[in-house]
Protein chains: 2
Amino acid sequence: MKIGEAAREAGLPVKTVRYYADIGLVAPQGRSTGGYRDYDRPEVARLRFVSRARRFGFSIPECRELLSLYEDDGRESADVKRLAEAKLAALDARLEELTDLRDELARVATACAGDGRPDCPILDRFAGDGDDQGPLSAES
Amino acid sequence: MKIGEAAREAGLPVKTVRYYADIGLVAPQGRSTGGYRDYDRPEVARLRFVSRARRFGFSIPECRELLSLYEDDGRESADVKRLAEAKLAALDARLEELTDLRDELARVATACAGDGRPDCPILDRFAGDGDDQGPLSAES
DNA sequence: CTTGAGTCTCCTGTTGCTGGAACCTTTATA
DNA sequence: TATAAAGGTTCCAGCAACAGGAGACTCAAG
């Protein structure tokens, strides 16, 4: 099948599928006489696989690794689990960071009158000469 | 003061401060005879301000806007609040997305034996021909 | 035969920097 | 005074992961 159909089945933009072919992540089975990329079932499955893994936050290099594990019948599930758990830890860290951020932003936004006057706790917070340690303040 | 000190006080890499000068976000007060960028108190304050706003997830254009509000004595706090609340909503959406992701990844990771055998629910999940709707599955 | 949809390659732009090369200024020390 | 180290300067390239568009093609239908 041609790239359009493959892309549709994988739930990816055509541009992305072409990109994946370019970087050698998921190569088409071959080319038609007209020079069109030709995808078959296994390639579409790989595309779907990558599409899912990407949505799970795995980077392209990580997808490459996962894909090779996916294709490897002799793999050990421990290898996959290791990858997943590292990703999970990174995700947790990012989540905590974002949550703290959100909470503080919510706090200053609530404190801001939001009227016609110029006083604004949000700007004050950004301007303040307080802590500058981490990526966000704890100030419990 | 020279760029190095300004950067240190603002808690930013020198490269970044130079970049901010290039894009006209925070311009130095002037140049020394030797051609060195010369920063003063107000510019350092602006740098700190931007540094903080960036950590809160505001984009460069948004920082530009916040900065102009910050400098504008006749501003209305409503303008700032509007920006902050939009950012908050975006943050919440992103958080929910990430949380769902995290939960599902945790689920499959837990289900994976992580031993020497090749069976792996994680890969199965990526390969599966189930839902392909949203950026992540609900499957409650 | 023509039209239109889909495909091809190639180039540029995105966001917010970061690293490096090659050179220049300033400061401290021998 | 010479010189070396530290810290400036400019410019150019590259990162992730594509997206948009130009200009040329292939292919199926009418």
Side-chain angles (χ1 to χ4, degrees), chain A residues 1-40 43-44 46-47 49-67 87 90-91 94 97 101 135, chain B residues 1-40 43-44 46-67 87 90-91 94 97 135:
Chain A
M1 76 182 74
K2 285 179 289 184
I3 200 172
E5 196 183 341
R8 221 173 313 116
E9 294 212 7
L12 287 171
V14 169
K15 276 273 186 186
T16 301
V17 176
R18 215 173 268 132
Y19 173 69
Y20 287 168
D22 284 352
I23 63 172
L25 179 60
V26 178
Q29 173 264 331
R31 295 273 184 150
S32 75
T33 51
Y36 286 8
R37 287 175 185 81
D38 185 24
Y39 290 87
D40 235 327
E43 289 81 42
V44 171
R46 279 194 272 273
L47 285 173
F49 181 92
V50 169
S51 171
R52 293 235 177 73
R54 287 287 298 136
R55 284 202 302 259
F56 270 82
F58 288 90
S59 69
I60 299 281
E62 283 166 340
C63 284
R64 220 182 272 273
E65 195 168 353
L66 283 172
L67 203 49
K87 187 44 85 180
L91 220 45
R94 181 88 188 110
E97 204 177 319
L101 210 74
Chain B
M1 76 183 73
K2 286 180 286 184
I3 200 170
E5 197 183 340
R8 222 173 313 112
E9 295 213 4
L12 287 171
V14 169
K15 277 273 188 188
T16 300
V17 176
R18 215 173 269 132
Y19 173 69
Y20 288 167
D22 284 351
I23 63 172
L25 180 59
V26 178
Q29 174 263 331
R31 295 275 184 151
S32 76
T33 51
Y36 286 9
R37 287 176 185 79
D38 185 24
Y39 289 87
D40 233 328
E43 291 80 42
V44 171
R46 278 195 272 274
L47 285 173
R48 294 172 66 88
F49 181 92
V50 169
S51 171
R52 293 234 176 73
R54 288 286 301 136
R55 286 203 301 260
F56 271 82
F58 288 90
S59 70
I60 299 282
E62 283 165 342
C63 285
R64 219 181 274 274
E65 195 168 351
L66 283 171
L67 204 47
K87 186 46 80 180
L91 220 45
R94 181 90 186 109
E97 206 178 317

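Computed over heavy atoms, backbone and side chain alike; hydrogens, waters and symmetry mates excluded. Sequence lines set the chain letters: A, B, ... in the order given, protein chains first and strands last, and positions in each chain run from 1.
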Query raised in the report: So, do A:L12 and A:R54 sit near enough that their side-chain heavy atoms are less than 4.5 Å apart?
Result: no
Report task. Please test A:K2 against A:R37 for side chain to side chain contact (heavy atoms under 4.5 Å, CB included), starting from the C-alpha separation and ending with a verdict. Result -> CA-CA 6 Å; A:K2 285 179 289 184; A:R37 287 175 185 81; over 6 Å; no
Query raised in the report: For the pair made of CZ in A:F56 and C1' in D:dA17, what is the distance, rounded to whole Å?
Result: 19 Å
Requested in this report: Whole angstrom is fine here: how far is it from CG in B:D38 over to P in D:dG7?
Outcome: 18 Å
Query raised in the report: Taking side chain as C-beta onward, heavy atoms only, is A:L67 less than 4.5 Å from A:V26?
Result: yes
Query raised in the report: For DNA chain C, what residues of residues 12-27 of chain B have any heavy atom nearer than 4.0 Å?
Result: B:P13, B:K15, B:T16, B:Y19, B:Y20
Kindly give the atom pairs (protein nitrogen or oxygen, nucleotide nitrogen or oxygen) under 3.5 Å for nucleotides 3-6 of chain C.
from	atom 1	to	atom 2	distance (Å)
C:dG6	N2	A:Y36	OH	2.6

Query raised in the report: With side chains defined as the heavy atoms from C-beta onward, is the minimum distance between B:I60 and B:Y20 less than 4.5 Å?
Result: yes
Query - Residue-phosphate contact under 4.0 Å: A:R37 side-chain N/O, C:dC8 OP1/OP2 - result: yes
Query raised in the report: For A:T33, which contact category applies under a 4.0 Å heavy-atom criterion: base, sugar-phosphate, or nothing?
Result: sugar-phosphate
Query raised in the report: How do B:P61 and B:G35 order along DNA chain C: which one's closest nucleotide is nearer the 5' end?
Result: B:P61
Report task. Nearest whole angstrom, please: distance from the C1' of D:dA16 to the CD of A:E62. Result -> 12 Å
Query raised in the report: B:R54 has an atom CZ; how far is it from atom C1' of C:dG16, in whole Å?
Result: 6 Å
Requested in this report: Rounded to the nearest angstrom, tell me the gap between atom CZ in A:R31 and atom P in D:dC27.
Outcome: 13 Å
Query - Whole-Å gap separating C1' (D:dA28) and CD (A:E5) - result: 15 Å
Query raised in the report: What does A:S32 touch in the nucleic acid at a heavy-atom separation under 4.0 angstrom: a base, only the sugar-phosphate, or nothing?
Result: nothing
Query - Full working for side chain to side chain contact (heavy atoms under 4.5 Å, CB included) between B:I23 and B:R64 - result: CA-CA 10 Å; B:I23 63 172; B:R64 219 181 274 274; 4.0 Å; yes
Query raised in the report: Can you list the steps and then say if A:E97 with A:R94 is a salt bridge (charged side-chain N to carboxylate O under 4.0 Å, His left out)?
Result: CA-CA 5 Å; A:E97 204 177 319; A:R94 181 88 188 110; 3.6 Å; yes
**Report entry** Distance in angstrom units between B:M1 CE and C:dT26 C1', rounded
**Finding:** 18 Å
Requested in this report: Return the minimal non-hydrogen interatomic distance between A:G11 and A:S51, and the atom names on each side.
Outcome: O-OG, 4.2 Å
Report summary line: Scanning both residues in full, the closest heavy-atom pair of B:G4 with B:V14 reads CA-CG2, 4.0 Å
Report task. Measure the shortest side-chain to side-chain distance between B:L66 and B:F49 over non-hydrogen atoms and say whether it is less than 4.5 angstrom. Result -> yes
